[in-house]
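Just so it is clear: chains get the letters A, B, ... in the order the sequence lines come, proteins before strands, and each one is counted from 1.
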Amino acid sequence: MLDIRLIRRDPDAVRAALARRGESDVGVLDQVLALDVRRREILPRLEGLRAEQNAANQAIAAAKKAGEGAEEAIARMRAVAGEAKALGEELAQVDAQLTPALSQLPNLPDPTAAPEDTVLKEVGEPWVPDYEVRDHLTLAGERIDMERGARLSGSRFAYLRGDLVRLELSLVSWTLDLLAEQGFEPVIPPVLVREEALFGTGMLPDTEQQIYRLADDDLYLAGTSEVALASLHAGEILEGDTLPLRYAGFSPCFRREAGAAGKDTRGIFRVHQFDKVEMFSFVDPSESAAEHERLLAIEESILQALGIPYRVVNIAVDDLGASAAKKYDCEAWLPSQQRYRELTSTSNTTDYQARRLDIRHRPTGGMKPEILHTLNGTAVAVGRTLIAILENGQQEDGSVALPAVLGAYGAPAVLPPA
RNA sequence: GGAGGGGUGGCAGAGCGGUUGAAUGCACCGGUCUUGAAAACCGGAGACGGCGCAAGUCGUUCGCGGGUUCGAAUCCCGCCCCCUCCGCCA
(Lines give C-alpha, C1' and ligand atoms only; values in the text may rest on other atoms or scores of the structure.)
Protein backbone atom coordinates (compact mmCIF):
# COMPACT_ATOMS: atom_id res chain seq x y z
CA MET A 1 0.00 0.00 0.00
CA LEU A 2 1.30 3.41 -0.90
CA ASP A 3 1.14 6.30 1.53
CA ILE A 4 -1.91 8.35 0.54
CA ARG A 5 -0.25 11.43 1.97
CA LEU A 6 2.73 10.97 -0.29
CA ILE A 7 0.44 10.60 -3.29
CA ARG A 8 -1.40 13.74 -2.27
CA ARG A 9 1.72 15.76 -1.63
CA ASP A 10 3.61 14.82 -4.77
CA PRO A 11 1.43 13.06 -7.31
CA ASP A 12 3.80 13.73 -10.18
CA ALA A 13 6.71 12.00 -8.47
CA VAL A 14 4.52 9.00 -7.69
CA ARG A 15 3.26 8.95 -11.24
CA ALA A 16 6.81 9.02 -12.58
CA ALA A 17 7.93 6.26 -10.24
CA LEU A 18 4.99 4.05 -11.20
CA ALA A 19 5.66 4.73 -14.86
CA ARG A 20 9.09 3.11 -14.43
CA ARG A 21 7.29 -0.15 -13.83
CA GLY A 22 5.90 0.14 -17.31
CA GLU A 23 2.36 -0.61 -16.27
CA SER A 24 -0.49 1.76 -16.93
CA ASP A 25 -1.48 2.39 -13.36
CA VAL A 26 -1.88 6.05 -14.20
CA GLY A 27 -5.63 5.78 -14.50
CA VAL A 28 -5.84 4.19 -11.07
CA LEU A 29 -3.64 6.89 -9.62
CA ASP A 30 -5.90 9.61 -11.02
CA GLN A 31 -8.88 7.77 -9.60
CA VAL A 32 -7.23 7.64 -6.19
CA LEU A 33 -6.48 11.35 -6.30
CA ALA A 34 -10.05 12.23 -7.26
CA LEU A 35 -11.55 9.99 -4.59
CA ASP A 36 -9.21 11.42 -2.00
CA VAL A 37 -10.40 14.92 -2.84
CA ARG A 38 -14.02 13.88 -2.46
CA ARG A 39 -13.24 12.13 0.79
CA ARG A 40 -11.60 15.22 2.17
CA GLU A 41 -14.62 17.29 1.22
CA ILE A 42 -17.03 15.00 2.99
CA LEU A 43 -15.03 14.24 6.10
CA PRO A 44 -14.83 17.75 7.64
CA ARG A 45 -18.55 18.26 7.09
CA LEU A 46 -19.33 14.96 8.75
CA GLU A 47 -17.02 15.71 11.62
CA GLY A 48 -18.70 19.08 12.10
CA LEU A 49 -22.06 17.36 12.45
CA ARG A 50 -20.60 14.85 14.87
CA ALA A 51 -19.18 17.65 16.98
CA GLU A 52 -22.61 19.25 17.05
CA GLN A 53 -24.15 15.96 18.13
CA ASN A 54 -21.59 15.44 20.85
CA ALA A 55 -22.19 18.88 22.28
CA ALA A 56 -25.95 18.43 22.19
CA ASN A 57 -25.67 15.03 23.85
CA GLN A 58 -24.01 16.58 26.86
CA ALA A 59 -26.67 19.27 27.07
CA ILE A 60 -29.45 16.70 26.82
CA ALA A 61 -27.86 14.50 29.44
CA ALA A 62 -27.45 17.48 31.77
CA ALA A 63 -31.05 18.56 31.25
CA LYS A 64 -32.36 15.06 31.95
CA LYS A 65 -30.26 14.83 35.06
CA ALA A 66 -31.71 18.14 36.25
CA GLY A 67 -35.16 16.71 35.65
CA GLU A 68 -35.93 19.03 32.75
CA GLY A 69 -37.38 18.00 29.44
CA ALA A 70 -35.23 18.14 26.33
CA GLU A 71 -37.78 17.44 23.65
CA GLU A 72 -36.83 20.38 21.49
CA ALA A 73 -33.15 19.54 21.47
CA ILE A 74 -33.88 15.91 20.75
CA ALA A 75 -36.11 16.84 17.84
CA ARG A 76 -33.42 19.12 16.47
CA MET A 77 -30.80 16.42 16.83
CA ARG A 78 -33.01 13.95 15.06
CA ALA A 79 -32.58 16.04 11.93
CA VAL A 80 -28.84 16.38 12.44
CA ALA A 81 -28.55 12.62 12.93
CA GLY A 82 -30.31 12.03 9.64
CA GLU A 83 -27.97 14.39 7.86
CA ALA A 84 -24.93 12.75 9.44
CA LYS A 85 -26.15 9.33 8.42
CA ALA A 86 -26.52 10.39 4.80
CA LEU A 87 -23.05 11.92 4.77
CA GLY A 88 -21.67 8.82 6.40
CA GLU A 89 -23.10 6.68 3.65
CA GLU A 90 -21.61 8.93 1.04
CA LEU A 91 -18.25 8.61 2.73
CA ALA A 92 -18.53 4.83 2.90
CA GLN A 93 -19.21 4.78 -0.83
CA VAL A 94 -16.08 6.79 -1.54
CA ASP A 95 -14.02 4.54 0.74
CA ALA A 96 -15.39 1.44 -0.95
CA GLN A 97 -13.78 2.66 -4.16
CA LEU A 98 -10.72 4.34 -2.71
CA THR A 99 -9.39 1.41 -0.70
CA PRO A 100 -9.37 -1.13 -3.55
CA ALA A 101 -7.92 1.41 -5.95
CA LEU A 102 -5.16 2.38 -3.55
CA SER A 103 -4.34 -1.21 -2.65
CA GLN A 104 -3.96 -2.26 -6.27
CA LEU A 105 -1.14 0.20 -6.86
CA PRO A 106 2.26 -1.53 -6.62
CA ASN A 107 5.16 -0.27 -4.54
CA LEU A 108 7.31 2.55 -5.86
CA PRO A 109 10.53 1.18 -7.28
CA ASP A 110 13.81 2.10 -5.67
CA PRO A 111 15.88 4.45 -7.84
CA THR A 112 18.59 1.80 -7.96
CA ALA A 113 16.22 -0.88 -9.25
CA ALA A 114 17.49 -1.68 -12.72
CA PRO A 115 15.68 -0.62 -15.93
CA GLU A 116 16.50 -4.07 -17.29
CA ASP A 117 17.78 -7.27 -15.72
CA THR A 118 21.39 -6.50 -14.90
CA VAL A 119 24.01 -9.06 -13.98
CA LEU A 120 25.99 -7.64 -11.08
CA LYS A 121 28.53 -10.42 -10.68
CA GLU A 122 29.37 -14.01 -11.46
CA VAL A 123 30.95 -16.29 -8.88
CA GLY A 124 32.40 -19.70 -9.67
CA GLU A 125 32.92 -21.38 -13.01
CA PRO A 126 30.02 -21.95 -15.40
CA TRP A 127 31.36 -25.37 -16.29
CA VAL A 128 30.36 -28.27 -18.50
CA PRO A 129 31.74 -31.75 -17.87
CA ASP A 130 34.05 -33.24 -20.50
CA TYR A 131 31.97 -36.40 -20.28
CA GLU A 132 28.27 -36.69 -21.04
CA VAL A 133 26.38 -34.32 -18.81
CA ARG A 134 23.50 -35.68 -16.72
CA ASP A 135 20.64 -33.60 -15.41
CA HIS A 136 19.32 -33.82 -11.85
CA LEU A 137 16.64 -36.36 -12.68
CA THR A 138 19.08 -38.75 -14.30
CA LEU A 139 21.45 -38.35 -11.38
CA ALA A 140 18.72 -38.89 -8.79
CA GLY A 141 16.88 -41.75 -10.45
CA GLU A 142 13.98 -42.94 -8.35
CA ARG A 143 15.17 -40.84 -5.45
CA ILE A 144 13.20 -38.14 -7.22
CA ASP A 145 10.12 -40.14 -8.18
CA MET A 146 8.10 -38.12 -10.66
CA GLU A 147 6.18 -41.06 -12.11
CA ARG A 148 4.63 -42.11 -8.85
CA GLY A 149 4.25 -38.51 -7.71
CA ALA A 150 2.16 -37.85 -10.78
CA ARG A 151 0.12 -40.99 -10.20
CA LEU A 152 -0.63 -39.77 -6.69
CA SER A 153 -1.21 -36.07 -7.23
CA GLY A 154 -0.78 -35.20 -10.89
CA SER A 155 1.97 -33.52 -12.83
CA ARG A 156 4.53 -31.36 -11.05
CA PHE A 157 4.46 -33.46 -7.90
CA ALA A 158 7.29 -35.72 -6.77
CA TYR A 159 8.25 -38.13 -4.05
CA LEU A 160 11.66 -37.38 -2.59
CA ARG A 161 13.22 -40.62 -1.42
CA GLY A 162 16.14 -42.21 0.33
CA ASP A 163 19.42 -40.32 0.50
CA LEU A 164 17.83 -37.20 -0.89
CA VAL A 165 15.64 -36.93 2.18
CA ARG A 166 18.73 -37.04 4.39
CA LEU A 167 20.33 -34.49 2.12
CA GLU A 168 17.34 -32.15 2.44
CA LEU A 169 17.21 -32.44 6.22
CA SER A 170 20.93 -31.82 6.57
CA LEU A 171 20.71 -28.86 4.23
CA VAL A 172 17.87 -27.33 6.25
CA SER A 173 19.58 -27.89 9.61
CA TRP A 174 22.83 -26.44 8.35
CA THR A 175 21.01 -23.40 6.97
CA LEU A 176 19.09 -22.76 10.17
CA ASP A 177 22.33 -22.90 12.15
CA LEU A 178 24.03 -20.53 9.77
CA LEU A 179 21.09 -18.12 10.01
CA ALA A 180 20.91 -18.38 13.79
CA GLU A 181 24.45 -17.04 13.90
CA GLN A 182 23.19 -14.06 11.93
CA GLY A 183 20.40 -13.40 14.42
CA PHE A 184 17.53 -15.17 12.68
CA GLU A 185 15.06 -16.95 14.95
CA PRO A 186 13.86 -20.21 13.39
CA VAL A 187 10.11 -20.43 12.78
CA ILE A 188 7.82 -23.15 11.51
CA PRO A 189 4.67 -21.24 10.56
CA PRO A 190 1.18 -22.30 9.54
CA VAL A 191 0.97 -22.84 5.78
CA LEU A 192 -2.80 -22.38 5.64
CA VAL A 193 -3.51 -18.70 5.91
CA ARG A 194 -6.38 -16.26 5.71
CA GLU A 195 -6.95 -13.87 2.88
CA GLU A 196 -5.80 -10.89 4.99
CA ALA A 197 -2.32 -12.34 5.24
CA LEU A 198 -2.04 -12.70 1.48
CA PHE A 199 -3.43 -9.24 0.97
CA GLY A 200 -0.97 -7.90 3.51
CA THR A 201 2.06 -9.22 1.68
CA GLY A 202 0.74 -7.98 -1.65
CA MET A 203 0.21 -11.50 -3.04
CA LEU A 204 -3.44 -10.63 -3.35
CA PRO A 205 -4.75 -9.24 -5.57
CA ASP A 206 -1.46 -9.35 -7.50
CA THR A 207 -0.86 -13.10 -8.00
CA GLU A 208 -4.23 -14.65 -7.34
CA GLN A 209 -3.95 -17.26 -10.09
CA GLN A 210 -0.82 -18.68 -8.41
CA ILE A 211 -2.49 -19.50 -5.10
CA TYR A 212 -4.34 -22.62 -3.98
CA ARG A 213 -7.58 -22.01 -2.12
CA LEU A 214 -9.48 -24.48 0.00
CA ALA A 215 -12.98 -25.31 -1.12
CA ASP A 216 -14.75 -25.48 2.23
CA ASP A 217 -12.79 -23.07 4.38
CA ASP A 218 -11.72 -19.52 3.79
CA LEU A 219 -8.07 -20.48 3.75
CA TYR A 220 -5.28 -20.45 1.22
CA LEU A 221 -2.13 -22.54 0.90
CA ALA A 222 0.75 -20.12 1.18
CA GLY A 223 3.25 -20.03 -1.66
CA THR A 224 5.99 -18.99 0.77
CA SER A 225 6.44 -18.61 4.50
CA GLU A 226 7.01 -14.92 3.78
CA VAL A 227 3.24 -14.61 4.14
CA ALA A 228 3.15 -15.99 7.66
CA LEU A 229 6.35 -14.27 8.75
CA ALA A 230 5.18 -10.85 7.58
CA SER A 231 1.97 -11.30 9.54
CA LEU A 232 3.85 -12.35 12.67
CA HIS A 233 3.78 -8.77 13.94
CA ALA A 234 0.67 -7.52 12.13
CA GLY A 235 -1.09 -4.75 14.01
CA GLU A 236 1.75 -4.31 16.47
CA ILE A 237 3.82 -1.35 17.53
CA LEU A 238 7.36 -2.57 18.14
CA GLU A 239 9.42 -0.59 20.61
CA GLY A 240 12.52 1.04 19.15
CA ASP A 241 15.23 -1.12 20.65
CA THR A 242 13.63 -4.38 19.51
CA LEU A 243 14.58 -3.81 15.86
CA PRO A 244 15.86 -5.36 13.74
CA LEU A 245 13.82 -8.55 14.12
CA ARG A 246 14.97 -11.42 11.92
CA TYR A 247 13.21 -14.73 11.32
CA ALA A 248 14.04 -17.86 9.39
CA GLY A 249 10.86 -19.64 8.33
CA PHE A 250 10.92 -23.27 7.26
CA SER A 251 7.83 -24.60 5.55
CA PRO A 252 6.42 -26.31 2.50
CA CYS A 253 5.36 -23.88 -0.22
CA PHE A 254 2.50 -24.34 -2.67
CA ARG A 255 2.15 -22.88 -6.13
CA ARG A 256 -0.47 -23.56 -8.76
CA GLU A 257 1.88 -22.67 -11.61
CA ALA A 258 -1.12 -21.73 -13.69
CA GLY A 259 0.10 -20.22 -16.90
CA ALA A 260 3.36 -22.17 -16.76
CA ALA A 261 2.00 -25.08 -18.79
CA GLY A 262 4.77 -26.81 -20.69
CA LYS A 263 7.46 -24.78 -18.94
CA ASP A 264 10.22 -26.58 -17.02
CA THR A 265 8.28 -29.81 -17.06
CA ARG A 266 11.23 -32.13 -16.49
CA GLY A 267 12.16 -32.88 -12.89
CA ILE A 268 11.51 -30.77 -9.83
CA PHE A 269 12.62 -27.36 -11.06
CA ARG A 270 9.04 -26.11 -11.14
CA VAL A 271 6.64 -28.07 -8.93
CA HIS A 272 3.47 -27.42 -6.99
CA GLN A 273 5.02 -28.16 -3.61
CA PHE A 274 8.50 -27.59 -2.27
CA ASP A 275 10.21 -26.82 1.01
CA LYS A 276 11.98 -23.57 1.65
CA VAL A 277 13.92 -21.74 4.33
CA GLU A 278 12.99 -18.09 4.07
CA MET A 279 14.59 -15.09 5.72
CA PHE A 280 12.41 -12.21 6.86
CA SER A 281 13.47 -8.94 8.49
CA PHE A 282 11.61 -6.12 10.22
CA VAL A 283 13.84 -3.05 10.27
CA ASP A 284 13.97 0.68 10.85
CA PRO A 285 13.20 2.44 7.55
CA SER A 286 16.67 3.96 7.43
CA GLU A 287 18.18 0.46 7.58
CA SER A 288 16.30 -1.36 4.85
CA ALA A 289 18.74 -0.73 2.00
CA ALA A 290 21.61 -2.06 4.11
CA GLU A 291 19.51 -5.02 5.25
CA HIS A 292 18.77 -5.86 1.63
CA GLU A 293 22.51 -6.08 0.89
CA ARG A 294 22.89 -8.16 4.02
CA LEU A 295 20.26 -10.68 2.90
CA LEU A 296 21.91 -10.91 -0.49
CA ALA A 297 25.29 -11.50 1.15
CA ILE A 298 23.83 -14.34 3.20
CA GLU A 299 22.30 -15.93 0.10
CA GLU A 300 25.66 -15.70 -1.61
CA SER A 301 27.52 -17.17 1.34
CA ILE A 302 25.18 -20.17 1.27
CA LEU A 303 25.71 -20.77 -2.44
CA GLN A 304 29.44 -20.42 -2.03
CA ALA A 305 29.57 -22.85 0.88
CA LEU A 306 27.60 -25.35 -1.20
CA GLY A 307 30.01 -24.93 -4.12
CA ILE A 308 27.34 -23.77 -6.55
CA PRO A 309 28.45 -21.39 -9.34
CA TYR A 310 26.02 -18.48 -9.52
CA ARG A 311 25.43 -14.96 -10.67
CA VAL A 312 23.57 -12.08 -9.08
CA VAL A 313 20.96 -10.18 -11.04
CA ASN A 314 19.43 -6.82 -10.22
CA ILE A 315 15.89 -7.49 -11.42
CA ALA A 316 14.24 -5.13 -13.87
CA VAL A 317 11.65 -2.72 -12.45
CA ASP A 318 8.96 -4.01 -14.76
CA ASP A 319 9.51 -7.51 -13.40
CA LEU A 320 9.17 -6.68 -9.70
CA GLY A 321 6.27 -8.10 -7.72
CA ALA A 322 3.71 -5.62 -6.46
CA SER A 323 5.32 -5.26 -3.07
CA ALA A 324 8.99 -5.04 -4.02
CA ALA A 325 10.85 -1.77 -4.45
CA LYS A 326 13.97 -3.64 -5.47
CA LYS A 327 14.88 -7.26 -6.00
CA TYR A 328 18.01 -9.34 -6.44
CA ASP A 329 17.95 -12.86 -7.75
CA CYS A 330 20.75 -15.36 -7.38
CA GLU A 331 20.84 -17.69 -10.36
CA ALA A 332 22.68 -20.99 -10.15
CA TRP A 333 24.62 -22.49 -13.01
CA LEU A 334 23.05 -25.72 -14.26
CA PRO A 335 25.48 -27.69 -16.44
CA SER A 336 22.68 -29.73 -18.02
CA GLN A 337 20.98 -26.59 -19.29
CA GLN A 338 24.21 -24.65 -19.72
CA ARG A 339 22.63 -21.58 -18.27
CA TYR A 340 21.89 -19.79 -15.03
CA ARG A 341 18.49 -20.44 -13.42
CA GLU A 342 16.81 -18.63 -10.56
CA LEU A 343 17.56 -20.21 -7.19
CA THR A 344 17.01 -17.49 -4.62
CA SER A 345 15.50 -14.05 -4.54
CA THR A 346 15.54 -11.21 -2.07
CA SER A 347 13.27 -8.17 -2.05
CA ASN A 348 13.16 -4.92 -0.17
CA THR A 349 9.44 -4.26 0.21
CA THR A 350 10.07 -1.03 2.16
CA ASP A 351 6.87 0.13 3.88
CA TYR A 352 4.50 -1.51 1.38
CA GLN A 353 3.68 -4.68 3.31
CA ALA A 354 4.08 -3.01 6.69
CA ARG A 355 1.44 -0.42 5.84
CA ARG A 356 -0.98 -3.08 4.63
CA LEU A 357 -0.38 -5.12 7.78
CA ASP A 358 -0.22 -2.09 10.08
CA ILE A 359 3.20 -2.88 11.53
CA ARG A 360 4.84 0.07 13.21
CA HIS A 361 7.73 0.78 15.48
CA ARG A 362 8.38 3.54 17.97
CA PRO A 363 11.79 5.04 17.32
CA THR A 364 13.99 5.10 20.42
CA GLY A 365 13.33 8.30 22.26
CA GLY A 366 9.60 7.68 22.50
CA MET A 367 8.42 9.55 19.41
CA LYS A 368 5.35 8.81 17.38
CA PRO A 369 5.07 5.30 15.99
CA GLU A 370 5.92 5.00 12.31
CA ILE A 371 5.52 2.32 9.68
CA LEU A 372 8.62 0.13 9.57
CA HIS A 373 10.24 -1.67 6.63
CA THR A 374 10.17 -5.37 5.80
CA LEU A 375 12.42 -7.50 3.62
CA ASN A 376 12.44 -11.10 2.57
CA GLY A 377 14.94 -13.42 0.97
CA THR A 378 15.28 -17.07 0.11
CA ALA A 379 17.89 -18.80 2.22
CA VAL A 380 17.38 -22.21 0.63
CA ALA A 381 14.67 -23.27 -1.80
CA VAL A 382 15.25 -26.96 -1.20
CA GLY A 383 14.13 -28.45 -4.52
CA ARG A 384 16.10 -26.14 -6.73
CA THR A 385 19.09 -26.25 -4.42
CA LEU A 386 19.10 -30.04 -4.65
CA ILE A 387 19.12 -29.68 -8.42
CA ALA A 388 22.10 -27.35 -8.28
CA ILE A 389 23.96 -29.56 -5.81
CA LEU A 390 23.36 -32.68 -7.90
CA GLU A 391 24.26 -31.19 -11.23
CA ASN A 392 27.32 -29.30 -10.06
CA GLY A 393 28.58 -32.19 -7.95
CA GLN A 394 28.16 -34.81 -10.64
CA GLN A 395 31.04 -37.12 -11.50
CA GLU A 396 31.77 -39.17 -14.54
CA ASP A 397 30.39 -42.42 -13.07
CA GLY A 398 27.05 -40.78 -12.27
CA SER A 399 27.76 -40.37 -8.58
CA VAL A 400 27.56 -36.98 -6.91
CA ALA A 401 30.07 -35.39 -4.54
CA LEU A 402 28.02 -33.60 -1.88
CA PRO A 403 29.06 -30.36 -0.17
CA ALA A 404 31.45 -31.04 2.68
CA VAL A 405 29.70 -28.57 4.99
CA LEU A 406 26.68 -30.84 5.13
CA GLY A 407 28.65 -33.84 6.35
CA ALA A 408 28.41 -32.78 9.96
CA TYR A 409 24.64 -32.52 9.52
CA GLY A 410 24.06 -36.08 8.38
CA ALA A 411 24.57 -35.91 4.63
CA PRO A 412 26.70 -38.59 3.00
CA ALA A 413 29.90 -37.46 1.28
CA VAL A 414 28.90 -39.04 -1.98
CA LEU A 415 25.58 -39.90 -3.54
CA PRO A 416 25.87 -43.25 -5.33
CA PRO A 417 24.87 -43.46 -8.99
CA ALA A 418 21.17 -44.03 -9.60
C1' G B 1 -18.64 -31.29 16.21
C1' G B 2 -21.99 -30.38 21.09
C1' A B 3 -22.77 -27.23 25.75
C1' G B 4 -21.39 -23.04 28.44
C1' G B 5 -18.21 -18.51 29.67
C1' G B 6 -15.48 -14.38 27.88
C1' G B 7 -12.79 -10.38 24.66
C1' U B 8 -12.28 -2.80 27.95
C1' G B 9 -5.82 1.52 27.75
C1' G B 10 1.40 -1.71 28.29
C1' C B 11 -0.76 -5.43 32.01
C1' A B 12 -4.67 -6.52 35.60
C1' G B 13 -9.61 -4.98 36.23
C1' A B 14 -14.48 -1.79 37.13
C1' G B 15 -18.35 0.13 34.25
C1' C B 16 -23.51 -2.70 31.24
C1' G B 17 -28.07 3.49 27.48
C1' G B 18 -26.53 9.79 28.89
C1' U B 19 -21.32 15.56 30.93
C1' U B 20 -17.10 7.77 30.51
C1' G B 21 -11.51 8.24 26.46
C1' A B 22 -13.23 5.26 30.25
C1' A B 23 -12.79 4.23 37.96
C1' U B 24 -8.95 1.53 40.62
C1' G B 25 -4.17 -1.15 41.02
C1' C B 26 0.54 -2.34 38.76
C1' A B 27 4.12 -0.90 35.24
C1' C B 28 6.04 3.76 32.75
C1' C B 29 7.77 9.22 32.52
C1' G B 30 8.57 14.11 35.21
C1' G B 31 8.85 16.54 39.98
C1' U B 32 9.16 17.04 45.60
C1' C B 33 11.80 14.66 49.51
C1' U B 34 16.93 12.03 49.98
C1' U B 35 24.25 12.28 50.11
C1' G B 36 22.21 8.66 46.37
C1' A B 37 18.40 5.13 45.86
C1' A B 38 13.93 2.98 47.79
C1' A B 39 9.39 4.39 50.07
C1' A B 40 5.92 8.33 50.32
C1' C B 41 3.57 12.42 48.02
C1' C B 42 2.33 15.62 43.59
C1' G B 43 1.82 15.61 38.42
C1' G B 44 2.00 13.42 33.37
C1' A B 45 1.07 9.83 29.90
C1' G B 46 -2.76 5.43 24.57
C1' A B 47 -3.49 5.12 19.08
C1' C B 48 -5.22 7.14 14.33
C1' G B 49 -6.98 11.19 11.22
C1' G B 50 -8.33 16.65 10.04
C1' C B 51 -7.10 21.99 10.77
C1' G B 52 -2.92 24.88 12.89
C1' C B 53 4.03 27.56 12.71
C1' A B 54 2.74 26.31 17.55
C1' A B 55 -0.18 26.23 21.83
C1' G B 56 -4.24 23.90 20.74
C1' U B 57 -8.67 22.15 18.71
C1' C B 58 -12.28 18.81 16.31
C1' G B 59 -13.33 13.78 14.93
C1' U B 60 -12.50 8.44 15.41
C1' U B 61 -11.05 4.39 18.87
C1' C B 62 -13.71 -0.35 24.72
C1' G B 63 -12.06 -7.74 19.33
C1' C B 64 -14.03 -6.60 13.89
C1' G B 65 -18.34 -5.19 10.81
C1' G B 66 -23.44 -3.79 10.56
C1' G B 67 -28.15 -2.14 13.15
C1' U B 68 -31.49 0.40 16.93
C1' U B 69 -31.35 5.49 19.35
C1' C B 70 -31.21 12.54 19.82
C1' G B 71 -27.19 9.61 22.35
C1' A B 72 -23.93 2.86 22.53
C1' A B 73 -18.10 0.23 25.98
C1' U B 74 -23.31 -0.60 27.56
C1' C B 75 -29.15 -3.06 23.58
C1' C B 76 -29.75 -6.26 18.73
C1' C B 77 -27.50 -9.11 14.38
C1' G B 78 -23.19 -11.26 11.78
C1' C B 79 -18.00 -12.48 11.95
C1' C B 80 -13.13 -13.35 14.39
C1' C B 81 -10.47 -14.92 18.63
C1' C B 82 -9.71 -16.98 23.71
C1' C B 83 -11.18 -20.20 27.97
C1' U B 84 -13.90 -24.57 30.43
C1' C B 85 -16.46 -29.32 29.92
C1' C B 86 -17.96 -33.40 26.51
C1' G B 87 -16.89 -35.96 21.84
C1' C B 88 -13.09 -37.01 18.14
C1' C B 89 -7.95 -37.22 17.00
C1' A B 90 -1.58 -37.23 15.41
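Taking the charged nitrogens against the carboxylate oxygens, A/E257 and A/R270 do have a contact shorter than 4.0 Å, which makes a salt bridge. Taking 4.0 Å as the cut-off between side-chain N and carboxylate O, A/D163 and A/R166 do not count as a salt-bridged pair.
OP1 or OP2 of B/U68 lies within a sub-4.0 Å distance of a side-chain N or O belonging to A/K85. Look at A/N54 and you won't find any side-chain N or O under 4.0 angstrom from OP1 or OP2 of B/C58. The side chain of A/R8 contributes an N or O atom lying less than 4.0 Å from OP1 or OP2 of B/G50. Contact annotation: A/R360 reaches the phosphate of B/C48 (side-chain N/O to OP1 or OP2, under 4.0 Å). At the phosphate of B/G50, neither OP1 nor OP2 sits under 4.0 Å from any side-chain N or O atom of A/R45. Put simply, A/R50 has no side-chain N or O that comes within less than 4.0 Å of OP1 or OP2 on B/C70. Listed pair A/N57 / B/A72 fails the phosphate criterion, with no side-chain N or O lying under 4.0 Å from OP1 or OP2.
Of all nucleotides present, none satisfies the Watson-Crick or G-U wobble test against B/C16 with each distance under 3.5 Å. Across all strands shown, B/U74 forms no Watson-Crick or G-U wobble pair with both distances under 3.5 Å. Remark: B/A3 base-pairs with B/U84. Criterion, Watson-Crick or G-U wobble with two distances under 3.5 Å. With a cut-off of 3.5 Å on both Watson-Crick or G-U wobble distances, the partner of B/C33 is given as none. The base-pairing partner of B/G25, taking Watson-Crick or G-U wobble contacts with both distances under 3.5 Å, is B/C11. The partner of B/A39 cannot be assigned: no Watson-Crick or G-U wobble pair with both contacts below 3.5 Å exists in any strand. As the counterpart of B/A47, B/U60 is assigned, both hydrogen-bonding distances of the Watson-Crick or G-U wobble pattern falling under 3.5 Å.
Centroid-to-centroid, the aromatic rings of A/H136 and A/F269 stay 6.0 Å apart or farther.
Classification of the A/Y247-A/H233 ring pair by plane angle, with boundaries at 30° and 60°, yields tilted.
Rounded to a whole angstrom, the distance from the C1' atom of B/U74 to that of B/U61 is 16 Å. Going from the P atom of B/G63 to that of B/G52 covers 34 Å, rounded to whole Å. Spacing between B/C70 and B/U32 at atom C1', rounded to whole Å, works out to 48 Å. The P atoms of B/C48 and B/A40 are separated by 33 Å, rounded to the nearest whole Å.
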Hey, mind stepping through A/Y159 and A/L152 against side-chain contact (heavy atoms from CB on, under 4.5 Å) and telling me if it holds? CA-CA 9 Å; A/Y159 285 94; A/L152 172 73; 3.6 Å; yes

Residue pair A/I211, A/R256: steps toward the side-chain contact (heavy atoms from CB on, under 4.5 Å) verdict: CA-CA 6 Å; A/I211 307 172; A/R256 292 188 62 228; 5.6 Å; no

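Atom CG in A/D95 sits roughly 15 Å away from atom C1' in B/G66 (whole-Å rounding). Put simply, CG on A/D218 is 12 Å from P on B/C79, counting in whole angstrom units. Between the C1' atom of B/C79 and the CG atom of A/D217 lies a distance of 15 Å, rounded to the nearest Å. Between A/L46 atom CG and B/G50 atom P there is a gap of 15 Å when expressed in whole angstrom units.
Checking B/C70, B/C81, B/G49 against the side-chain heavy atoms of A/L43 singles out B/G49 as nearest.
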